Amino acid sequence: MKNYNHKKIENKWQKEWEKKGVYNAKSPSTRAKLATGRLKNKKFYSLIEFPYPSGDGLHVGHPRPYIGMDIISRYKRMQGFNVLYPIGWDAFGLPTENYAIKTGKDPKVVTKENSNTFRRQIKSLGISFDWSREINTTDPKYYKWTQWIFLQFLKKDLAYKAKIAINWCPQDKIGLANEEVVNGCCERCGAKVEKREKEQWMLAITKYAERLDKDLDTVNYLPQIKLAQRNWIGKSEGAEINFVVRQDLTISIKVFTTRPDTIYGATYLVLAPEHKLVNLITTPSQKNYVTNYVTKSKKKSDLDRMNAEKDKTGVFTGAYAINPATKEKIPIWIADYVLASYGTGAIMAVPAHDERDFEFAKKYNLPIKQVIQPVFGIENKRDDVVHRNTITGIVKSRDGKKVLMLKWKEYDWLSGVIGGINEGELPEKAAEREVLEETGYKTRAIFVSPISIESHFYAEHKNEWRSRIDHPVVLELLSDEPEVVLPREKEKHEIKWVDIKEIFASTMFGNNKLALELALSQSAYIGFNGKHKDSLVNSGQFDGLDSEKAKKEIVKFVEGEEKITFKLRDWVFSRQRYWGEPIPVVHCEKCGVVPVPDKDLPVELPKVKNYQPTENGESPLANIKSFVDTRCPLCKGKAKRETDTMPNWAGSSWYYLRYTDPKNAKEFASMKNLRYWLGVDPVRSRARDVVASPSDRGTATSNGVDWYNGGNEHTTLHLLYSRFWHKFLFDLKLVPTPEPYKKRTSHGMILGEGGVKMSKSLGNVINPDEMVKIYGADTLRLYEMFMGPFDQSVAWSTESIIGARRFIEKVWRIASYLQQQENSVSRKSHPEGEGSSAQNFPVADKLVSPDTLTQDFLLRNVNHSQRYTGSLTKLLHKTIKKVSEDIEDMHFNTAISAMMILATEMEKTKTVSVKDFKMFLQILAPFAPHATEELWTMLGEKNTIHLSDWPKWHEGLIKDEEIKIAVQVNGKVKAEIIIPADDGEKEVTRKALAHKAILGFMAGRSVQKTIYVKNRLINIVV
RNA sequence: GCCGGAGUGGCGAAAUUGGUAGACGCGCACGACUCAAAAUCGUGUCUCGCAAGGGGUGAGAGUUCAAUUCUCUCCUCCGGCACCA
């Protein structure tokens, strides 16, 4: 057998696999014929985000997710699943277009060149993609259906045109995508970006907001992905309430609030500058100020708004509204901290309970009225211990005011130190009574301070001095008697005098200074930031009511309407660019907007000479007369084509559907194929309604793509957009499931050496071609999976890749040795085997009989991560188990580590049988497909390893007869003992105490108790 | 500011229903083999200490027989969002 040479085997096997179609998914139509073989009806659809073929080619970061999902796909294939693991090109987009502008090259040609490079690079890694299903979003046969789906949106009135503000670069005279705006300036020329109103196509994703939020309960996404989606959708429940401005003119202002319970504290209203009632209500005397302010804020760019974040501005309209709860007249202001686009564009300001309102009220001297008070006497229950606050001391503020200090106390030790408890009275109640009786003070303001005050106390039940850090709660006192009271001197507390400057309060606002300021200046009550109950004060008939209950009752009382609002905005679907799908509509003077009939789809991109957008910001298509001038499909009169194109999110919103039926010319995908691959196959499983379960914690009840892995950067937009499209298609009964993806995970980025982003400009890009050339694809694959946890970003290190290579070489040497052994058995006359390159491999004399290992080996290999004892076969089966489980959890790094341990042991002990070694090759195959295939064949196998049956581990072989446990004294490890696995506690204790190291420790001490943790340790407390 | 994620040897990292911290790999040192080198194999490699023993998972505290893991406060780094009422 020759030495390991990746160059000789990798390309060979890649060609062989492709020729035989080893990785091609079987369609449901051909499935029946194959049903007798290993491809029964189990299917598995694994998906990666298809790449954007850029001119730079692949860098080593790109393949990480492909390799990860490749391992999973190969693993599933070996388990007998019919696996669909497809790939394609998401090729519309700006970089290609900008390149076209610069060079005058046709983007189509550029895309072709780039995807050729990407394809060659990806193929050289031996990823088991089904290349027969390759798609390209810029292929008219593909974007025909993107356009067709758009027209379905149009027919259902979910696509519409609206005037909205876009980012406009005055120098380049083009509209910019958000990602092209860097710090408020144009990414290319650096000019300051302006806002400009333009007609844009929109998709009404907000109509699906509720379902997009709710159905997250039915899918198995990583929790942080669900959270990101939820935050982006931004559902908030509240109410709309009318504030009457002028009875005679029946003008009223509708506000949206999530806190109707605070309405008694609403001391003014604020309208967004763009609010339509602004002109109507402004009084003549204020007119000038208001007009000025409105014009000024309209001019403000996003950058200005960002800079102005801390400084709130506004102007009084001169008008007043009636607070429907208090019936009081409150002023109406205009301020740009209120957004026109959210809620109703108007708010009721409650400065006592909203940070922004508070800031504004302070600046313009508006009244602040406190209406929420936390319930005194906080009770936290955790670990079955009740934590309560009690008053323990008094501190003096800077201005001489006395404040009571509360401390978080713990029930258990408090009971030991407080005297004078009344029968049946809780100790902390007693303390509270004691202090309040002694001081006669009552609380007015209350806030929790996160600064910690160290105190020392004598814990009687422990019989020792202890110190602890307390987090005092500070109460402002009603009385101004400058008397200091030290309650409970028994407790030997050190009462600290604290300058009030040092105390920062933590409140419901999360702003400490604000709370302190408010507490001292307004004498207002402020709530706790945490587990507490808010109740209403200064709220008329609702006083004392729980905040949550009050919300509902007050909405009824003021005749408001409960309302759910979302942060999510409709999707701007137009780009004034060339390199995108043309929006397939025609503008007819008589008939208006007319969709292009299905038979005329696709509307293909015409050839143009110049890809530069036009002077007035229209797409380059607007300059192509032959494209623009057309006939109206309805009246056959003169008409003009739409020249806007779709954003690059369009093609990727449904590509996973096309993979199931990539060549279908009649529909975007047949229902038959969709039902099969999305898991609603009528043959195997009945289609079922998906019921949302609010208690869902990652269990999928939906069907869809079985496993979709992608980048964190796409967890909001792409994921949300494609869920939206899918739900829409579901409503049209064109797809069989309400959700596209059953499971979604993310991978971490690969950074450049030194932990910075890999980029061309930094010159730290590592090209996989070079790695494949030097080390081989298998080494690169192993290293990328071994370098760190799959979901975490990790810095590339060319220095470390050698470890993966050595591992493969080690596996190779073992195989050589085994083959040599076989040869020497069959040809006894040549025991050394001839022409062997395994010359460095010592043989024969060091052999021990199979399944019998030396005591030395046993001791060496009982380690923490993989507590194994016994034979190599045992270790093999443990490794099979670990690798199988780790693959499912994407813990590829630890799976490889386990296989390295096994390989080292195999080489060291030379006790491995060919049968066992082949099993090892099988579990390694998803990671290093080429080398394992080669060795598999060399060891006499005829069929590919990648469709062989995944090895099963035997539970009986995994159990240990002997285990090694630690012996601790007072929690510190002092010795280790080996015991039979079924030893009882008594026996183990006896053995532990008999150990000589322990005997030494025990001299002069007696055992208080022992704690025995089965298979782990025994702890002796002295 | 808010929302996520993360802080463990010289480096990438293991270990979380609390139970022997540093598996595995890189690097480094020494040894074997070799005329020599490479490759390979072996030994060692958190830290203080000759040792016996201590200390140690960003900092500080708490709970516990036992804390990288749980609780609290704080710090740093990375990613996302920016006045969403």
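Chain letters run A, B, ... following the sequence lines, proteins first, then strands; residues in each count from 1. Just so it is clear, the structure is predicted and the values come from calculations on it, not from any experiment.
- Taking Tyr4(A) as the reference, Trp812(A) meet the ring-ring contact (aromatic ring centres under 6.0 Å, His included) condition, with sequence neighbours excluded.
- Nearest nucleotide to the side chain of Asp354(A), out of C83(B), A14(B), A85(B): A85(B).
- OP1 or OP2 of A14(B) lies within a sub-4.0 Å distance of a side-chain N or O belonging to Asn893(A).
- Under the rule for a side-chain hydrogen bond (donor to acceptor under 3.5 Å, both in side chains), Thr258(A) has no partner lying at least two apart in sequence or in another chain.
- Within the 4.0 Å cut-off from OP1 or OP2 of A85(B), at least one side-chain nitrogen or oxygen of Tyr342(A) is found.
- Residues that satisfy the salt bridge (Lys or Arg N to Asp or Glu O under 4.0 Å) test with Lys1014(A), not counting sequence neighbours, are absent from this structure.
- Here A66(B) presents its P atom at 8 Å from CD1 of Ile1011(A), a figure rounded to the nearest Å.
- Not counting sequence neighbours, Glu562(A) has no partner by the side-chain hydrogen bond (donor to acceptor under 3.5 Å, both in side chains) test.
- If His891(A) and Lys1009(A) are placed on RNA chain B by their nearest nucleotide, the residue sitting closer to the 5' end is His891(A).
- Of the candidate nucleotides G4(B), G19(B), A15(B), G19(B) has the atom lying nearest to any side-chain atom of Gln968(A).
- Look at Ser236(A) and you'll find a side-chain N or O under 4.0 angstrom from OP1 or OP2 of A85(B).
- For the pair Val1013(A) and Pro789(A), both in contact range of RNA chain B, the more 5′-proximal nearest nucleotide belongs to Pro789(A).
- If you take atom P in A36(B) and the same atom in A15(B), they sit 44 Å apart, rounded to whole Å.
- Contact check, Arg813(A) against C41(B): a side-chain N or O comes under 4.0 Å of OP1 or OP2.
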So which protein N/O to nucleotides 25-29 of chain B N/O distances come out below 3.5 Å?
unit_1	atom_1	unit_2	atom_2	d
C26(B)	OP1	Arg806(A)	NH1	2.6
C26(B)	O2'	Ser800(A)	OG	3.4
G27(B)	OP2	Arg806(A)	NH1	3.2

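- Among residues at least two apart or in separate chains, there is no salt bridge (Lys or Arg N to Asp or Glu O under 4.0 Å) pair with a member in residues 783-800 of chain A.
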Report all interatomic pairs (protein N or O, nucleotide N or O of nucleotides 49-54 of chain B) with separations under 3.5 Å.
unit_1	atom_1	unit_2	atom_2	d
G54(B)	OP1	Lys974(A)	NZ	3.4
G54(B)	OP2	Lys974(A)	NZ	3.4

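- Under the ring-ring contact (aromatic ring centres under 6.0 Å, His included) criterion, Phe790(A) pairs with Phe892(A), sequence neighbours left out.
- Partners of Glu985(A) by side-chain hydrogen bond (donor to acceptor under 3.5 Å, both in side chains), not counting sequence neighbours: none found.
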